[in-house]
Amino acid sequence: MRWTIPGRSWALGAAVALAAAAAGAGPFGKKDADKAAPAIDESVGDLADVFQGGEVAVEGVGLVSNLDGTGGDSPESWYRKQLLDEMSKAGVERPAAFLENKSFAAVIVRMKIPTGASPRDRFDVELELPPASSVKSLAGGFLMPTRLREVLQAGGGVHTGSDLALAGGPIMIGDAQDPLNGKVGRVLGGGRAKKEHPYQLLLKSDRRFVRNAAMVEAVVNARFNKNEHGQKKGAATAKTDSYLELRVPEIYHQNQERYFRVVQLLPMVDTPELRRGRVESTARQLLDPKTSGVAALKLEALGPSTVDRLSAGLESDDADVRFFAAEALAYLNEPAGVDALGETAVKQPKYRAYALAALAAMEDFSARARLRRLMDESDIEVRYGAFNALRTLDPTDAMLGQVRILDDPGPGDDEEESDPIDGMALALAVRSRRPRVEDPFALYVVESDGPPVVHVSRSRRSEIVLFGRGQNLETPLVLGQGDILLNAADHDDTVDISKIVPTQYGNRDEKIHCSLDLGEVIRAVARLGATYPDVVAIVEAADRQKNLPGPLFVDSVPQANVEYLSKAILGRDEPPKADAEVKQASGSFLRRLFTRGRSEPASEAADSKPAALNPDDLKANGEPPDDLEPPAKKDEALLKTAGEAPAPPAEAKRRPRLLGAFRRGE
């Protein structure tokens, strides 16, 4: 999906004039509207703020299967009745019998859908048992497909809204307080929204006129639009005189804060003469390390015509200038800065996450090749960050090394994803008689020249990545999880894997022999029924016992950086020094590309959180003082990019949120 801008941007003035004439002055009259009209030096950020801090809490009641005798029923309640109704609608006969079976359990399912989410995104889902449930543990369980809705408790009753999300998948027990607590759990990346939840551009209180809303829409859509079925479709849609819906172009999907800032820097009035002056002054600012970050954003906002000016920044002796120029070029899909981005990812940890996100945004083959080489680096953040970026760029890239865990592909693997709820009855009837045909988790064996490393995820994805082929377990080893045991004596070249299988005549010991290759061992235990949490536990035990050929890392991902936000977004030479001036970022691009889990301790990995600047410190339009331009004005536009916003006007508020009793965080 390619986003483009019109070839003759100077024609924007005519489009804006027509939109303004058609829209009229709004409810306050022409005189007030004339006062609020944009000045020649104003940008979108002077008229409107991006509101991105909202989220929708959704919940449901789901059925967990595959429990090893630790399930059970719960007392009569709204939750139990809701689940029985869902199962009946799905065509399940005698649904209460499933709840009485020790292999099943009813659970409360919670998730939050952040603003900007789309059906492509996956979010962690949290589970807990209903009050007074007799279930002993959710370990080894599988959450059946579950509908998630907004819920309102009012008037002594519970009211539900329409379906907004779906959830399901293998369960990892525990939470941040107690990783071994079997009565709570998560499904990593198990939830997805059913529709898009667009951002909003909120016009400032003194600029709320239909004419201004139409002008902002025209300006944004002149820069960001795509061709759908032969028609141009813009990123912004004016809804009222108070707000516009704002959609994120595909190329910015991994770094949405950058997109919001580019939108805010779009000039409201643009002519050939004004553009030439802006380009000349901004090109000079790009070469100054103190102003290069925001200057690169300004040139990026002006579109592909500034590629030559940005390319000049790649020749600078200053590493920051080279990075900011290369990053802007990447979001214009220009490959000239690929080497500078790769160099930044290796040598500048403060900008690493952003350099990798920029490489992941490009369609050019050179970006893909650079990410492949970065997977050979010794630093795990660079290696796994590059792996993550390459998978984002192309999930089917052969260099990712994805291997199939279960050999039987089964029918329908290539079919489009559909609503799985309709198949609940069939799944319930069949699940106990044959194994699932889909892989229980993702396994990658990356061809890498770097040292051997094992990486596992405890947030958003059920995934194991082996950097380096032929990683053999060190012997002797004795490992076990649940009813699966691994055993190899010193100097053995194979490992015995056994599973205790209960039968009507007593327990039977099912045994297989496997090579010491870690990838093959993981596949073997998964085929014996081990879930992703089981496999992670086995790998972690092997690490503790020094059976792995290299180190184990958990959720080792690049982090957002305050210095980047200061220099690139705000145009400040130094970041705030007081911790009180820093608060957590909304992290929309980190949420999708470089999210680190915080629910459980990470092995061999730091645990810092992405951070953003206090909205009270933000400047006007992010522009530093410059003798070539008017002094900066006080700016409120970045309030929303830090995840905070004043209450939107009544006309611009989201529909009332159905606040329920159970919530879940990503």
Side-chain angles (χ1 to χ4, degrees), residues 248-262 265 286 289 292-301 310 313-314 316 318-362 367 370-371 374 377 379 381-393 556-572 575 582 584-596 606 608-613 622 638 641-643:
V248 180
E250 183 69 22
I251 198 168
Y252 288 98
H253 191 63
Q254 312 305 328
N255 192 344
Q256 299 186 7
E257 281 81 3
R258 183 178 188 87
Y259 170 63
F260 301 144
R261 196 59 188 136
V262 170
L265 289 172
L286 176 69
S292 59
V294 171
L297 280 170
K298 290 180 182 178
L299 291 172
E300 183 181 329
L310 286 167
L314 300 176
S316 172
D318 186 88
D320 284 9
V321 173
R322 294 197 301 272
F323 164 62
F324 290 132
E327 186 182 27
L329 286 167
Y331 288 103
L332 294 173
N333 205 32
E334 168 55 51
V338 164
D339 287 341
L341 292 173
E343 179 185 26
T344 300
V346 175
K347 297 181 179 180
Q348 296 201 72
K350 61 185 179 181
Y351 300 143
R352 178 172 294 155
Y354 306 95
L356 292 171
L359 287 170
M362 298 180 64
R370 187 67 185 195
L371 289 171
L374 289 174
E377 293 291 330
D379 190 316
E381 276 200 0
V382 178
R383 295 180 86 175
Y384 184 66
F387 171 87
N388 238 342
L390 181 58
R391 177 179 47 199
T392 300
L393 184 59
S556 186
V557 292
Q559 296 297 294
N561 185 276
V562 174
E563 186 170 347
Y564 172 89
L565 296 173
S566 284
K567 297 187 73 171
I569 303 298
L570 302 181
R572 293 180 173 178
V582 178
Q584 184 177 351
S586 64
S588 59
F589 94 88
L590 295 177
R591 188 165 55 231
R592 294 168 171 81
L593 183 56
F594 299 126
T595 303
R596 163 170 277 160
S608 59
K609 293 185 178 182
L613 304 177
L638 284 181
T641 66

Student: Quick one: are the ring centres of Phe323 and Tyr354 less than 6.0 Å apart?
Tutor: no

Student: Can you tell if the side chain of Leu341 reaches within under 4.5 Å of the side chain of Arg370, non-hydrogen atoms only?
Tutor: no

Student: If I compare all heavy atoms of Glu300 with all of Ala328, which pair ends up nearest, and what's the gap?
Tutor: OE1-CA, 3.3 Å

Student: Can you tell me how far CZ of Arg258 sits from CG of Leu297, rounded to the nearest 0.5 angstrom?
Tutor: 4.5 Å

Student: Does some side-chain heavy atom of Leu286 sit less than 4.5 Å from a side-chain heavy atom of Lys298?
Tutor: no

Student: Between Tyr564 and Glu257, is any side-chain donor less than 3.5 angstrom from a side-chain acceptor?
Tutor: no

Student: Of the non-hydrogen atoms in Ser556 and Glu381, which two are nearest, and what is the gap between them?
Tutor: OG-CG, 3.8 Å

Student: Where do Leu329 and Gly337 come nearest, in terms of heavy atoms and distance?
Tutor: CD1-N, 4.3 Å

Student: Do you know which two heavy atoms are closest between Gln348 and Asp320, and how far apart they sit?
Tutor: OE1-OD1, 3.1 Å

Student: Would you say the side chain of Leu371 lies within less than 4.5 Å of the side chain of Leu356, judging by non-hydrogen atoms?
Tutor: yes

Student: Could you tell me which non-hydrogen atom of Ala340 sits nearest to which non-hydrogen atom of Leu314, and how far apart they are?
Tutor: CB-CD2, 4.2 Å

Student: What I'd like to find out is whether the side chain of Arg352 reaches to under 4.5 Å of the side chain of Asp379, using heavy atoms alone.
Tutor: yes

Student: Rounded to the nearest 0.5 Å, how far apart are OH of Tyr259 and CD1 of Ile251?
Tutor: 12.0 Å

Student: Do Thr344 and Glu327 have side chains that approach each other closer than 4.5 Å (heavy atoms only, starting at C-beta)?
Tutor: no

Student: Looking at CZ of Phe324 and CG of Asp318, how far apart are the two atoms once the value is rounded to the nearest 0.5 Å?
Tutor: 9.0 Å

Student: Can you give me the closest heavy-atom contact between Gly385 and Pro558, atom names plus distance?
Tutor: CA-CD, 4.1 Å

Student: List the steps, then state whether side-chain contact (heavy atoms from CB on, under 4.5 Å) holds for Val294 with Arg261.
Tutor: CA-CA 9 Å; Val294 171; Arg261 196 59 188 136; over 6 Å; no

Student: Do Tyr331 and Val262 touch side chain to side chain, with heavy atoms closer than 4.5 Å?
Tutor: no

Student: Under 4.5 Å between any side-chain heavy atoms of Phe260 and Val248, yes or no?
Tutor: yes

